[in-house]
Novice: 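First, the structure itself, so that you have it in front of you.
Letters A, B, ... are given to chains in the order of the sequence lines, protein chains preceding strands, and every chain is numbered from 1. Bear in mind that the values here come from a model prediction, so they are computed numbers and not experimental data.
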Amino acid sequence: MDYQFKEIEEKWQQFWADNQTFKAEDNSTKPKYYVLDMFPYPSGAGLHVGHPLGYIASDIFSRYKRLKGFNVLHPMGYDSFGLPAEQYAIQTGQHPAITTEANIATYRRQLDQIGFSFDWSREVRTSEPSYYKWTQWIFMKLFNSWYNVENDKAEDISTLIEKFNISGTADVKAVCDDDVKSFMPTDWANFTEEERQEELLKYRLTYLRESTVNWCLALGTVLANDEVKDGFSERGGFPVEQKKMMQWSMRITAYADRLLQGLDTIDWPEPIKEMQRNWIGKSVGASVKFKVESLKSKASTLNFELLTDNFIEVFTTRVDTIFGVSYLVLAPEHELVAGLTTPEQKQAVEDYISKTKKKSELDRMADTKTVSGAFTGSYVINPVSGERVPLWIADYVLAGYGTGAVMGVPSGDQRDWLFAAHFNLPIVQILDGQKDIDVQADSTKDGKYINSGFINGLTYKEAVPFLNNWLEEHDAGKAKVNFRQRDAVFGRQRYWGEPIPVYFKDGLPYLVKEEELPLILPEIDKYLPTETGEPPLARAEGWAPKDGEHYELSTMPGWAGSSWYWYRYMDANNDSDFVSKEAVDYWKAVDLYIGGSEHATGHLLYSRFWNKFLKDLGYTKEEEPFKKLINQGMIQGRSNFVYRLAIQSFANEQEGDILPPLKKSIFVSKGFVKQIEDNSNSEIQSQIFSILDKETKLIKDLNPSLIGKYIFTGNILPLHVDVNIAENEILDLTKFKAWREEYANAEFILESGKYICGVEVEKMSKSKFNVVNPDDLIERYGADTLRMYEMFLGPLEQSKPWNTNGIEGVFKFLRKFWRLFHNEEWTFHVNDSIPTKAELKTLHKIIKKVQDDIERFSFNTSVSSFMIAVNELTDLKCKSRQVLEDMVVILSPYAPHICEELWVKLGNQAGSLSYTAFPIFNPEHLVEDEFAYPVSINGKMKMNLNLSLTLAQPEVEAILFADEQFAKYLDGKEPKKIIFVKGKIINVVL
RNA sequence: GCUCGGAUGGUGGAACUGGUAGACACGCAGGACUUAAAAUCCUGUGCCCUCAACAGGCGUGCGGGUUCGAUUCCCGCUCCGAGUACCA
C-alpha cells in the first residue's frame, strides 16, 4: 500500500501510550541522560507551529540517546499557575482551574499527535496541591535558612541562633538586611520572642520587608524586575510605578557571586550567559566616605546634630581617580537631600526634585543627553585631599544602585565631564596618560598619577591597593564589591498562585506546620481585590490558621513552581519527599535543556538560585541544574498580502444621484503594484479602466438616472490575507472568495494567470492571519513530515519566519523512503541479498553523518543527508534487508511513526525499535581508492583529474603534465610551483 | 551608546579543522505519462557574454590584508536582528 501516514501515526501513538514505551527506568544499569524542555504555560490559544520546534529537537535527541544505550528521562508537564487564566477568570467568573484544565487538554492532544516520546507517567502541574505542597515546603526551608558568608553557603537558621546565644552578632558574617542590630549574647537572651523573630527575619533567605517595589495597578500586583520592560509590565503592557510596600522577597543577592562564577562551568550559549552577567552586574571597587562639612555657621535652621558627624558614602570602580573629584552627586530621592540643602538653594533643589518626579520612568531613561542638576549649597570633604567638594543632586544618579551617591571625576568619566562642563566645575587631569581632556573625558588607566597628592607617580596597579588600605586605616572607606542585582520580590497580590505557607501573629510572620502542607488555595467568590484593597485571598471565607490572626494573603509569583520542577520529574509521584535521595543520586541534573532565550534573566536565574540553595542544605548534589542549554530560534510569522484598488464614484455633472460606492473589490497581483504606482504599465491601466467601465455600465443599466462613473484613485491598499489560502505566494482564488462574504464577487488582475501575494515577516498572530497551526499540517502531511520539515527549515538556534513552502519536498522524501521497501505494486518487498559496496557506502555515510549532526544539534543537515541517502539507494535499486533495516533505525528519531511501521514489517517485534541499537559506523566502507582531484591554476578550479589515492606528488605531477587538457591550460608556460594535498587538491601556480 | 548574533542564487539553506562555493529542498522552465487535470517520473536552472555549444568573465554585504589557495583567518566599514541602557 502507498504511504498511509494517518493510519500509521494513529496506530503507533496508541501503541506507545498503551505500552508506556517511553517510561524511564528508575533503577537502571544503563548510563542516564536527562533531556528537558522548558516548562510550557498552557495558554488558551494552543500550539502554533513555532512552539514544537524545540520539542521536536529534544525528542530527536532523546530517541537517539535511547538507541545509543542510555536510560533517557524526557518528561513533560505544565507551569499551570499564571496570569492569563486569572485575567480570564476576572472577565468571565470561570474558575482558573477549569480554564487551565481545558487548555492542558488541548496542549496534550496537540503534543500527542506530533509523536513525542515523553514519559507521561511523570507529568507534573504546578497548580496541583500534590505539587505545590513541595513548592511551599521549599519556601519554608528558605524561610528557615540564612546565608553564612564564612562557609559560603546557606545554613539552617538554628546555626545562627546558636551563634547569637554564644557570641551575639560578633562572629556572624551573613548576607542580611542593612539595618541589623549589633548585640551581645546577653542582649539576645533578654530579647522578647517578638524581638528575636523581628531580628531573625532580617537574615532569613525569604523575608518580609518594607521595600520599594514595581507596582502594577492594572494587574493589581507587584512585579519582579524581570517582569518589567521599559516601565511597563511584560504581560499586558500596563504601566508600572515604584511604591513602598511590605513584601516577601528572596535573598538571591546572597548567591550573586556563585551565580556569576557558575556560568563559567556550564555549556550555555554565550549571549545568555552574558545577559545573566549583566543582570547580576558585579562591580569591583571601593566605598568611600565623604564627611559633610558642618553647616553650623551658615544655616541656623538646620539640624546640627544630624550633620556634625555625618558622611555620604559613595561607591566607585575607580578609587584611583579620587584626587580628581570636583563634585559629589546624590540621587534626587536620596534621604539626606532635604537635610543638606541650604536655605539659599532650597528653592532650586525643590524645583529640580519636582521636575524629576514629573518625568516618567520612561522619559528619564530615554533622555540621556540633557545634563541637569541642582546645587544643594552644602560641601563635603574629600577624605584623601581634605578639599571641599560641592554637593549636587542630579537625576542621572539612581537611588536604587549602590548608595545613591556618586563622586564626580570629570577628567575620567564622560558623563561627569559633561556635567562639569555644563555647570562650570573644575576638570582636573590626574594621570599623565590622559589626553585631550579639554574636549572629552579620557578613562585611561595608563600612565602615572599627577595632581594626586600621596599617589603621585604611582601606576594604576599600585595606586588601587594602596588607596584601599589607606581608606580602611583612616576609617574613610574600604574595597568593596557591588552588585546591580536586587533581591527578588516574591509575593503577588493575585489569586491563581501557590499560597504562601505563612500566618501572622502580632504582626510577625510564622510558618505553618509542615504537617499542614499543602496549604490549599481556598475558593473565593470573585477573583478581584477586596473593597479595602486587600488581595483576592482576603475574600476566602473561613480560611484561617488555628493559631494566629490570618494567613498571608499574597500568593507566590509565576516563577516559584518552575524553579525546581526538574527535580520533581525525577520522582514525580513521591508523597513523602519533593524528590527521593536515590532519584537525585541517579539523575543528578539536566543534561540537555532546550528552550527560548526569553527566560534568560527570569526562570534560568531563579532556578539556578533555588538549585544552589537546595544543594547547600544537602537535598541535591549539583551546583548547576542545567549542564547544557540550547536556545531554539523564534519562529516568526510570514504574512501574505493582497492589494486592493481604491475606487471612487466620480461625477462631473451637477444634477442627479451619484453612483453608490462600488460593492466589488478589485485586487491586483503583486507584480503590478509598483508599475501602477509609477504609471509605467499602460496595459494594466486600460484593464482597470475597462473593468470600471463595465461596472459603471452594469449599475447604470439597472438605474439609468444615476450619474458619474467609477474611477481608480491611484491608491492601492495592502490587506492581510490568511496565509492558509495561498500556496507559494499564489492565492487560491476560490478559497479567497469563500473566505469573506464581501470578496465573493471580487475581480482580480492576474499576472501569467496567477494572483501573486505580497510577503512580510511579522510576529505570528491571529490579527495578521499568519498563524499556522500544526494540526492542519498534520492532517495534510502527517506528524513525521511536520517533524522533519521543522528541522529542515534551518539551524535550530536561528530565528526564522515560518514558511510552509517546501513541506512537499519532505513529504515526497518520506514516500520515497516508504517505496524503498515496496515493489511497483506497493507490496512490501525486501530481500536477503548481501549488500553491495555502493549500498554499504551510502549506509555508512549516513550513519556517520546523522551521528555527528545530532551530537552537534545540527538537525537540518541530517534531513538533507537522509534525502541524499534515499535518493542513492533508490538509484541503486537497493532491496537489501540488512541495509534497509539499519536505515529504519537511523531515521527513527526523526520520523518515528513510519519507522515503527516498517520495523514491524521487517519482522521485528512491535515497540522494540525505540530500544534497539544505533548502527555502528564502519569507516572501511567509506575508503576510496580513487579521487577526482580538482586541478586549479592560481587557485581557480579548472578541471578534475581522476587519480589513485595511493599516488604521491611526483607521480601525480607526471600524470598531470602528460594530460592533454591540462597542457591547454598551461599554454606553454612553466609552472612556478605545484601544491599537492593528498585527497584534496592540486594547485598549479603559473 | 555598549554587548552578542547575522548577511551565500528567485527562496529556505549546505560547505564541520583554509582546499571543487551553491549540496539537499522549494520555486521556475521544458519534457514523459494522461482525453484532460492532479499525482508521479525525467531533464535543466548562480549571474554576465553567446542563437547554441565550446570557451571565457564575474561571483559568498563592502574595502583592504595574510596565503599557492579565503564563505572560512586578520583589520576597517555598511546594513539587519536580539539583549541592555545614565550601573558610578
Novice: Counting distance only, does the side-chain N/O of Glu930(A) pair as donor-acceptor with the main-chain N or O of Leu947(A) below 3.5 Å?
Specialist: no
Novice: OP1, OP2 of C86(B) versus side-chain N and O of Gln414(A): anything below 4.0 Å?
Specialist: no
Novice: Just to confirm, is there a sub-4.0 Å distance from OP1 or OP2 of C87(B) to any side-chain nitrogen or oxygen of Arg415(A)?
Specialist: yes
Novice: For Thr861(A) and C24(B), is the shortest distance between a side-chain N/O and OP1 or OP2 below 4.0 Å?
Specialist: no
Novice: Calculate, to the nearest 0.5 Å, the distance between atoms OG1 and CG belonging to Thr317(A) and Asp413(A) respectively.
Specialist: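 CG of Asp413(A) is found 8.5 Å from OG1 of Thr317(A).
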Novice: Between Gln851(A) and Glu855(A), is any side-chain donor less than 3.5 angstrom from a side-chain acceptor?
Specialist: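 No.
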Novice: Side chains of Asn482(A) and Ser283(A): donor-acceptor distance under 3.5 Å anywhere?
Specialist: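 There is no such pair between these side chains.
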Novice: Any idea if G9(B) is syn or anti, going by the 90°-from-0 cut?
Specialist: syn
Novice: Need one value for Ile868(A): base, sugar-phosphate or nothing, where a base atom within 4.0 Å counts as base even if backbone is also close, heavy atoms only.
Specialist: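 Sugar-phosphate, no base atom in range.
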Novice: Whole-Å distance between A55(B) P and Lys940(A) NZ?
Specialist: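 My rounded result for the distance is 17 Å.
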Novice: Of the options Lys478(A), Lys480(A), Glu313(A), which is the one that meets Ser287(A) in a side chain to side chain donor-acceptor pair (under 3.5 Å)?
Specialist: Glu313(A)
Novice: Using OP1 and OP2 only, check whether a side-chain N or O of Arg856(A) sits under 4.0 Å from U17(B).
Specialist: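 So the side-chain polar atoms of Arg856(A) never come under 4.0 Å of the phosphate oxygens OP1 or OP2 of U17(B).
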Novice: Dot-bracket for RNA chain B, please, read 5' to 3', with Watson-Crick or G-U wobble pairs under 3.5 Å on both distances, ( ) within the strand, [ ] crossing, | other strand, . unpaired.
Specialist: (((((((..(((......[....)))((((((.......))))))(((.......)))..(((((..]....))))))))))))....
Novice: Report yes if a side-chain nitrogen or oxygen of Asn860(A) is closer than 4.0 Å to either non-bridging phosphate oxygen (OP1 or OP2) of A14(B); otherwise report no.
Specialist: yes
Novice: Work out how far the C1' atom of C2(B) is from that of C16(B), and round it to whole angstrom.
Specialist: 32 Å
Novice: Quick one: Trp826(A) CH2 to U40(B) C1', roughly how many Å, whole number?
Specialist: 10 Å
Novice: Report the residue (Gly939(A) or Arg318(A)) whose heavy-atom-nearest nucleotide on RNA chain B is the more 5′ of the two.
Specialist: Gly939(A)
Novice: Does OP1 or OP2 of A85(B) have a side-chain N or O of Arg484(A) closer than 4.0 Å?
Specialist: yes
Novice: Asn631(A) side chain N/O closer than 4.0 Å to the phosphate oxygens (OP1, OP2) of G5(B)?
Specialist: no
Novice: In the structure I gave you, are the side-chain heavy atoms of Phe966(A) and Val988(A) within less than 4.5 Å of one another anywhere?
Specialist: yes
Novice: Ignoring backbone atoms, establish whether Lys812(A) has a side-chain N or O less than 4.0 Å from OP1 or OP2 of C26(B).
Specialist: yes
Novice: For the rings on Tyr396(A) and Phe419(A), is their centre-to-centre separation under 6.0 Å?
Specialist: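 Close enough - the centres of the two rings lie under 6.0 Å apart.
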